[in-house]
Each structure stands twice: as C-alpha cells, then as structure tokens.
There are 2 protein chains.
Amino acid sequence: MLNYSTSEENYIKAIFHLQRQDNTVTTNELANELKTKPASVTDMMKKLKIKKLLHYEPYQGFRLSIEGYKVALGIVRRHRLWEYFLAEKLKFTWDEVHEVAEDLEHVSNKKLIDKLDEFLGFPRVDPHGDPIPDAHGKIEISKKICLTDLPLNKVAVVSGVSNQSSEILELLEHKKINIGIKLEVKKRFEFDHSIEVRIGRQPAFTISKELAENIFVKYGS
Amino acid sequence: MLNYSTSEENYIKAIFHLQRQDNTVTTNELANELKTKPASVTDMMKKLKIKKLLHYEPYQGFRLSIEGYKVALGIVRRHRLWEYFLAEKLKFTWDEVHEVAEDLEHVSNKKLIDKLDEFLGFPRVDPHGDPIPDAHGKIEISKKICLTDLPLNKVAVVSGVSNQSSEILELLEHKKINIGIKLEVKKRFEFDHSIEVRIGRQPAFTISKELAENIFVKYGS
DNA sequence: TAAATATTTTAGATTTGTCTAAAAATATTT
DNA sequence: AAATATTTTTAGACAAATCTAAAATATTTA
C-alpha cells in the first residue's frame with residue numbers, strides 16, 4: 001500500500017463518509033465537508049483519479065474505487081483506534097477524541113497501528129460506537145437503529161439523537177445518557193411503551209417512549 | 001505558543017541537538033543532519049529568523065533564541081514521551097522507537113501530551129536514557145558519561161549506546177545490560193583495559209574495553 | 001423549452017518547501 | 001598577500017495544495 005499525503009487522506013476519508021448516505025458524492029458536498037473551495041476539490045479529484053483511487057468523470061460526481069475504499073478503511077482504522085486509546089487510556093471524553101484523532105490518524109506506520117490495536121485488546125468499536133476495521137481491512141457492519149427497536153439484553157452504543165433541542169439534551173444530561181455510552185434494554189412495557197434501560201452495571205431506569213424514539217444506537221451487525 | 005510546520009519543527013530540533021556539541025551551528029552541518037541541501041537551509045534560516053526563533057547573520061552560523069529553545073524543548077518533550085510510550089506500552093524495542101516518534105512528535109496538542117505524560121506516570125527519562133522535559137519545559141541536566149570514565153563503586157544508570165549495530169545489541173542482550181539498568185564498576189584491569197561490572201547484587205562480570213567505550217551511563221546529577 | 005439559476009471546471013495566481021547552478025563571501029594555502 | 005578552495009547565499013525553477021474570478025455545463029422553473 002502506497003503512502004498518501006495528509007491532504008489526500010482527508011479527501012479520501014471525507015468521500016468515504018459521504019458515500020454512506022449518498023452513493024455518489026458531489027463537488028460542493030465535499031467542499032462543504034472539508035471547508036475548502038469547489039475548485040480545490042476538482043483539482044484533488046483529478047489527482048486521485050490518476051492514482052486510481054476513485055471513479056470520476058467531469059460534472060458527474062465521484063465515488064471511491066476498490067483501491068480507494070481500501071485506503072479509506074486504513075485511515076478509518078487508525079482514526080478509530082486512536083479515538084479508543086484517547087478515551088480509554090488517556091481519559092478524554094467522547095466528544096473530545098475526534099479532533100485529536102484527526103491529527104494522529106495521519107501517522108501511517110503499520111507496525112505502530114497493529115501494536116496499538118493489540119495493546120488496546122483489539123477493540124471492535126470506537127467511543128462513538130463506530131466499528132474499527134481490523135488489520136486486514138475487515139469491518140463489522142453495524143446497524144444504526146432506534147432505541148425502540150433494540151432487541152432485549154443486547155449491548156449497544158448510543159450514537160446520536162435525532163432531535164437536538166435543549167429540552168432533550170437537558171433530559172439526556174440528567175439521565176446520564178451520553179453519546180458513546182453502552183446500554184441495553186432490559187424490559188418493555190406495553191401500557192405506555194416506556195422501556196427499562198441499564199447502563200453498565202448501574203441500576204436500571206425507565207425512559208419514556210418519546211425519548212426512546214429520539215435515541216439512536218449502534219449494535220453489532 | 002504558536003504552531004510550527006513539520007518542516008520548521010525538524011529544523012528547530014536539529015539545531016537544538018547540534019548546538020549541544022558546538023555552540024554555533026553551520027549551514028552545512030544542518031544540511032547534512034537533515035539530509036537536505038545548503039540552499040534549503042539558508043531559506044529556512046531566513047524564515048526562522050523572521051519568526052525570532054534564532055539568531056542568524058549571513059555567513060555567521062546560527063543558534064536558537066530563548067524562544068526557539070522553548071519551542072525545541074516542546075518538540076523534544078513530545079518525542080521522548082512517545083518513545084517512552086512505544087517502548088513501555090507497545091513493546092517496541094528501544095532501538096525501534098526513535099523512527100516512529102519522529103512522526104508522532106509533530107502532533108502538537110498540549111492536552112494530548114500532558115495526558116499522555118500523566119498516563120505514563122510522568123517518566124523522567126526516555127528509553128535511551130535522555131531526560132524528558134516536563135510540562136513547563138523544565139529538563140533535568142544529567143551528566144552522560146562513558147562507562148570507561150565512571151568512578152569505581154558509584155552506581156549509575158545505563159542511558160544509551162553510541163553504536164547501534166545488531167552485533168553490539170546481541171552482546172548487550174546476552175550480558176543483560178539494558179537501558180535503564182543500574183550498575184557499578186568494581187575494578188579496572190590495566191592489561192587490556194577490561195572492566196569488572198556489577199548489576200545490583202548479582203555476581204560481577206567482565207566486559208571488554210571495546211564494549212565499555214560504547215556504553216553511556218547517567219550518574220549523579 | 002428557453003431563460004434563469006446553480007454547480008462544476010478551468011485559468012492563472014499564491015504559499016511553502018524544496019532543488020540546481022551560479023555568484024558572493026570566507027577560509028586556507030602557498 | 002595572492003591564489004585557491006570551501007562554504008554560504010542568491011536567483012530562478014518546480015511541485016503540492018490552495019485560492020479567486022471567469023467560463024462551461026447542468027438543473028430548475030416559468
């Protein structure tokens with residue numbers, strides 16, 4: 001696997017993430033994501049096309065080639081392992097890890113990353129609940145589902161809330177439900193559709209149907 | 001403290017190291033150290049002078065300013081903490097850590113480095129026995145002397161070897177002389193200049209003049 | 001479907017860090 | 001102290017990554 005510049009890696013990674021939602025990525029989308037100008041995106045797309053990392057015809061948008069996808073998985077692996085390290089070992093909070101990992105991910109020494117992986121105990125998800133590709137680029141596809149649909153007794157990671165009003169944030173704060181936290185559903189009550197949730201080994205507590213409908217979790221394939 | 005590019009940091013660090021031996025650093029010395037061309041050095045020196053990181057007059061060589069020295073200590077701190085992490089936590093051997101730390105040192109997030117320091121238990125020397133500057137840039141000045149010059153019966157800490165060939169490493173491995181180990185010289189033999197060494201309370205053993213000349217120890221303060 | 005609007009690309013400039021070749025300054029020899 | 005050798009700097013070029021402004025293409029709307 002060749003080496004790519006920090007800038008090339010950032011473009012590849014951004015395309016990787018944007019592709020998840022939409023099959024083909026546009027110039028403006030990417031410029032917006034990377035806080036750069038559309039003209040710069042076009043320049044880089046030409047370069048990455050020559051390097052066979054993506055499929056691209058002028059005005060038609062672009063998507064990663066098989067090779068580009070492999071490169072992206074390598075970057076994502078490094079990013080998520082560092083995030084795990086930062087949260088687990090250095091005690092950064094889940095909302096701080098991303099920014100720091102943005103820099104660390106570009107140190108692309110395979111032995112470093114494989115040894116880090118081993119040191120961390122081969123974690124399968126990062127602090128946001130996103131799966132970490134293994135040394136061979138294998139990645140668990142984790143479904144993002146609503147808390148109301150999580151099977152009983154399956155540990156899942158809170159990965160987002162659909163409604164971001166201050167009211168819901170206040171409630172989540174109070175219940176200590178943060179992004180990245182691991183929880184499982186212990187029981188569902190038919191009467192009001194409230195659900196009983198447990199975080200780690202703490203005592204279970206109940207949350208309303210309304211709240212549950214706004215919480216998304218990721219859980220193993 | 002401002003941020004500097006990877007390239008600027010590499011120049012600053014190289015000047016820092018070259019200054020130890022010689023008070024003022026020359027263009028050719030620096031070009032040689034960084035495997036670059038003298039013209040590139042001159043270009044960068046002009047830039048670093050404008051940024052007030054060094055004292056420099058054309059044809060007169062250069063040395064770091066107070067500010068440049070502070071910047072250098074920051075880089076050295078990051079480098080040595082990562083070296084310690086790589087050796088202690090990821091089980092790299094002490095001769096592998098330098099190269100990897102060369103990349104990691106340029107991630108200059110103060111909180112990251114301070115938390116890493118804490119995680120590692122505030123180590124005072126790196127795997128080569130070189131002192132690690134603390135969060136305020138304070139660095140222990142420890143005398144590093146050759147084993148041949150260590151006074152008899154004074155306990156010292158092995159801090160480095162000048163020659164890093166696999167032959168010397170094999171021998172050190174066999175004699176169980178590792179970086180960080182405490183030893184003392186019990187006797188010197190005039191005939192072949194071999195010396196008798198003791199590690200802790202184990203039986204003393206003899207090492208050759210050739211080996212002793214390549215072992216550096218930290219002793220007293 | 002033609003005009004208006006939005007998106008994308010091109011052309012040309014800029015910054016950073018590097019290089020080669022030639023000129024200038026300094027050091028060393030004879 | 002003049003000639004020679006070495007070191008350092010300058011001048012000008014180049015590649016990577018970015019930008020602005022203008023041109024080309026695509027999409028929307030009336």
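Atoms considered below: every heavy atom in the structure, side chains included; atoms not considered: hydrogens, waters and symmetry mates. Numbers restart at 1 for each chain; the letters A, B, ... are given by sequence-line order, proteins then strands.
- Aromatic ring centres of B:F119 and B:Y84 lie farther apart than the 6.0 Å criterion allows.
- For the residue pair B:H106 / A:D103, no side-chain donor-acceptor distance below 3.5 Å is found, with atom types taken as modelled.
- Other residues, nucleotides and ligands place no more than 12 heavy atoms under 6.0 Å from the CD atom of A:E99.
- Atom NZ of A:K182 has 12 or fewer neighbouring heavy atoms from other residues, nucleotides or ligands inside a 6.0 Å radius.
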(message) Both atom distances under 3.5 Å, Watson-Crick or G-U wobble: I'd like the secondary structure of DNA chain C as a dot-bracket string, with | for pairs made across strands.
(response) ||||||||||||||||||||||||||||||
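- Across the protein-nucleic acid pair, B:N3 atom CG and C:dT16 atom P stand 15 Å apart, rounded to whole Å.
- Distances from the side chain of A:T36 to the nucleotides D:dT18, D:dC19, C:dT9 place D:dC19 closest.
- Per the geometry, NZ belonging to B:K49 stands 16 Å off P belonging to D:dT8, to the nearest Å.
- Residue B:S7 has no polar side-chain atom (N or O) positioned under 4.0 Å from OP1 or OP2 of C:dT16.
- Rounded to a whole Å, the CG atom of A:L34 is 15 Å from the C1' atom of D:dC19.
- Pairs passing the salt bridge (charged side-chain N to carboxylate O under 4.0 Å, His left out) check and including a residue from residues 118-134 of chain B, sequence neighbours excluded, read B:R80-B:D126, B:R124-B:E140, B:D130-B:K144.
- A salt bridge links B:K13 to B:E102: at least one charged side-chain nitrogen sits closer than 4.0 Å to a carboxylate oxygen.
- We find that CG of B:N32 is positioned 14 Å from C1' of D:dT7, with the value rounded to whole Å.
- For the OP1/OP2 pair of C:dA6 and a distance below 4.0 Å, the side-chain nitrogens and oxygens of A:N28 include no atom meeting the criterion.
- For the OP1/OP2 pair of C:dT7 and a distance below 4.0 Å, the side-chain nitrogens and oxygens of A:T26 include no atom meeting the criterion.
- Residues of residues 38-45 of chain A that place a heavy atom closer than 4.0 Å to DNA chain D, in numerical order, are A:A39, A:S40, A:D43.
- If you take NZ of B:K37 and P of C:dA22, they are 17 Å apart, rounded to a whole angstrom.
- A salt bridge does not link B:K51 with B:E67: none of the charged nitrogens is closer than 4.0 Å to a carboxylate oxygen.
- At whole-Å resolution of the value, CG in A:L30 and P in C:dT9 are 11 Å apart.
- Not counting sequence neighbours, B:A39 has no partner by the side chain to side chain contact (heavy atoms under 4.5 Å, CB included) test.
- Taken residue by residue, residues 52-62 of chain A places heavy atoms nearer than 4.0 Å to DNA chain C at A:Y56, A:P58, A:Y59.
- Remark: the B:H79 side chain and the B:E83 side chain contain an N/O donor-acceptor pair separated by less than 3.5 Å.
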Side-chain donor/acceptor pairs under 3.5 Å, residues 69-78 of chain A, sequence neighbours excluded:
from	atom 1	to	atom 2	distance (Å)
A:R77	NH1	A:D117	OD2	2.9
A:R77	NH1	A:P133	O	3.0
A:R77	NH2	A:D114	OD1	2.7
A:R77	NH2	A:D117	OD2	3.1
A:R78	NE	A:E105	O	2.6
A:R78	NH2	A:E9	OE1	3.1
A:R78	NH2	A:E9	OE2	2.8
A:R78	NH2	A:E105	O	3.2

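- Counting only N and O atoms by type, the side chains of A:T26 and A:N28 include no donor and acceptor under 3.5 Å apart.
- In this structure, A:K46 does not reach the C:dT9 phosphate: none of its side-chain N or O atoms is under 4.0 Å from OP1 or OP2.
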